[in-house]
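First the structure, in the form of structure tokens, and then the observations on it.
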Amino acid sequence: MRVTAAGSLPGTDFRGALGAMTEALPEITPLPELPDRGVGSHMVGRALGLIRGLDFDLQPAGWRLTSGSGADHRRATSQWSFDLDDVSELLQDFRGVLKVAVAGPWTLAASVERPTGDRLLADHGARRELAQALVDGVDILLADLAARLPHATLRVQIDEPMVVDVAEGRVPTASGFSRHRRVHAPELTGSLAMFTALDASAILHCCAAGEWMGLARSADFNAVSLDLGQFESGRSRDVVGQWLADGRSLVAGLVDSSRVQVQSADELVTRLLTFLRPMGLDPDVLRSNVVLGTSCGLAGWRQQDIMPQLEQLRHSGELVDEQLER
């Protein structure tokens with residue numbers, strides 16, 4: 001089976017991380033995300049760095065939509081420029097799949113404040129404008145990468161760790177005494193569907209518990225990335241089984257990122273087969289449509305544990321192929 005990872009890694013050396021990812025994960029290589037470099041490289045700041053036409057600034061309470069771009073926002077934009085130059089230099093002959101992760105519109109709307117305070121989530125027009133600006137930014141990014149890496153296959157991963165909270169009305173207001181109103185499925189789906197219209201191979205990644213795969217289906221995603229631990233109960237596993245039976249793809253978050261320790265190939269194989277076998281699906285379907293990965297990012301791990309864990313993950317993919325032959 002093919003393997004990949006969420007993309008978030010420890011450290012500040014982008015060139016070193018990119019080289020390590022192309023070596024360890026040559027089939028589906030994640031573009032490294034390095035939060036240790038600062039707020040502009042965290043999930044939210046990094047996504048805002050792609051947006052043009054809207055300005056942001058970093059306030060004590062977090063990122064805020066403003067009338068002029070702040071220094072931190074400008075640095076986030078510049079960081080993308082530096083990273084893309086490194087990508088051009090190091091991957092000029094790259095012919096594999098490069099997976100680029102970007103925080104999704106609902107996680108941004110639940111994280112970024114309006115100029116008048118509270119989250120953009122509270123303003124229907126503002127959250128729609130933010131989603132469109134993000135789609136435009138991702139479009140520009142993919143076009144830039146395609147020009148720099150003409151032989152590569154590009155896939156975008158939309159990270160939505162907060163979409164379940166948004167859907168269920170669990171995002172707290174600024175005061176902390178209340179919650180933002182839930183956003184209903186048609187609007188949630190509409191914003192997410194803009195990304196599948198942009199890239200039919202886009203992956204929706206959510207490592208939160210809850211019902212979100214229905215949104216992925218409604219938004220025409222053909223691939224999802226999930227934390228396997230959140231779907232091991234009977235009903236949840238059935239949802240994943242039906243997803244695969246319908247010919248859609250799955251990045252199975254097999255490595256438990258929250259454990260912050262290397263997990264052996266044998267452990268990973270046992271966990272995956274315990275999950276997959278009750279589905280009764282054809283082994284060829286599983287080989288074609290399941291990719292092994294990490295439940296979430298590995299930014300909180302020790303650098304010296306990253307490569308050993310990815311080696312164990314690769315080995316588990318080989319072992320699963322052998323087991324499926326039986």
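None of the values given here were measured: they were computed from a predicted structure.
Minimum heavy-atom separation, A5 to K99: O-NZ, 2.8 Å. Scanning all heavy atoms of the two residues, the minimum distance from M279 to R237 falls at CE-CG, 3.6 Å. Scanning both residues, G241 and L281, for their nearest heavy atoms gives O-CD1, 4.1 Å. Residues A299 and P10 share a closest heavy-atom pair of O-CB, 3.5 Å. What you find for L31 and V87 is that their closest heavy atoms are CD1-CG2, 3.6 Å. A pairwise comparison of heavy atoms in A167 and L188 identifies CB-CD1, 3.6 Å as the closest pair.
The closest side-chain donor-acceptor pair between T22 and T29, if any, does not fall under 3.5 angstrom. Remark: the T107 side chain and the E160 side chain contain an N/O donor-acceptor pair separated by less than 3.5 Å.
The hydrophobic cluster containing V102 also contains L65, counting ILVMFWY residues as joined when their side-chain heavy atoms lie under 4.5 angstrom apart, directly or transitively. V224 and V285 are assigned to two separate hydrophobic clusters, defined by single-linkage of ILVMFWY side chains at heavy-atom distances under 4.5 Å. Each of V3 and I28 belongs to its own hydrophobic cluster when Ile, Leu, Val, Met, Phe, Trp and Tyr are linked at side-chain heavy-atom distances under 4.5 angstrom. Hydrophobic cluster membership differs between L250 and V97, with clusters built from Ile, Leu, Val, Met, Phe, Trp and Tyr side chains linked at under 4.5 angstrom. One hydrophobic cluster holds both L84 and V100 under the rule that ILVMFWY side chains link at heavy-atom gaps under 4.5 Å.
Between W243 and N289 there is no side-chain heavy-atom pair separated by less than 4.5 Å. Looking only at side-chain heavy atoms (C-beta outward), M213 and F221 stay at 4.5 Å or farther from each other. Side-chain contact between L254 and Q263 is absent, with no heavy atoms from C-beta onward closer than 4.5 Å. Between R119 and P172 there is no side-chain heavy-atom pair separated by less than 4.5 Å. Counting heavy atoms from C-beta outward, L134 and F195 have side chains that approach closer than 4.5 Å. T4 has its side chain within reach of P30: a pair of non-hydrogen atoms, C-beta onward, lies under 4.5 Å apart.
Under a 4.0 Å N-O distance rule, the pair R314/E27 qualifies as a salt bridge. Using a 4.0 Å cut-off between charged nitrogen and carboxylate oxygen, D83 and R37 count as a salt-bridge pair. Using a 4.0 Å cut-off between charged side-chain N and carboxylate O, R271 and D256 make no salt bridge. Checked for salt-bridge contact, D238 and R235 miss the test: no charged N lies under 4.0 Å from a carboxylate O.
With hydrogens and angles disregarded, a donor-acceptor distance shorter than 3.5 Å links the side chain of R74 to the backbone of S69. Using modelled atom types, no side-chain atom of R127 and backbone atom of L120 make a donor-acceptor pair closer than 3.5 Å. Panel note: side chain D199, backbone V156; a donor-acceptor pair is recorded below 3.5 Å. Distance alone, capped at 3.5 Å, places no donor-acceptor pair between the S201 side chain and the R155 backbone. A donor-acceptor pair is defined here as one N or O able to donate and one able to accept, closer than 3.5 Å; such a pair exists between the side chain of D118 and the backbone of A174. In this structure, the side chain of H151 does not engage the main chain of F94 through any donor-acceptor pair within 3.5 Å. N222 places no side-chain N or O within donor-acceptor distance of the main-chain N or O of R248, the cut-off being under 3.5 Å. At least one donor-acceptor pair under 3.5 Å links the side chain of S316 to the backbone N or O of L313. Between the side chain of R52 and the main chain of D136, no donor-acceptor pair closer than 3.5 Å is present. When atom types are taken as modelled, the side chain of R95 and the backbone of A152 share no donor-acceptor pair closer than 3.5 angstrom.
Note that the CG atom of D85 and the CZ atom of F82 stand 8.0 Å from one another [nearest 0.5 Å]. Here OG of S236 is found 8.5 Å from CZ of F275. Values are rounded to the nearest 0.5 Å. Atom CD1 in I140 sits 12.0 Å away from atom CG in L145 (nearest 0.5 Å). Atom CG of residue D123 and atom OG1 of residue T116 lie 8.0 Å apart, to the nearest 0.5 angstrom. Atom-to-atom distance recorded for M21:CE and L310:CG is 5.0 Å, nearest 0.5 angstrom. Here the CG-CD1 distance, from L298 to I306, works out to 4.5 Å after rounding to the nearest 0.5 Å.
Atom CD of E232 sits in a crowded spot, with more than 12 heavy atoms from other residues, nucleotides or ligands closer than 6.0 Å. Around atom CD of E187, more than 12 heavy atoms belonging to other residues, nucleotides or ligands sit under 6.0 Å away. The environment of CZ in R179 is crowded: more than 12 heavy-atom neighbours from other residues, nucleotides or ligands sit within 6.0 Å.
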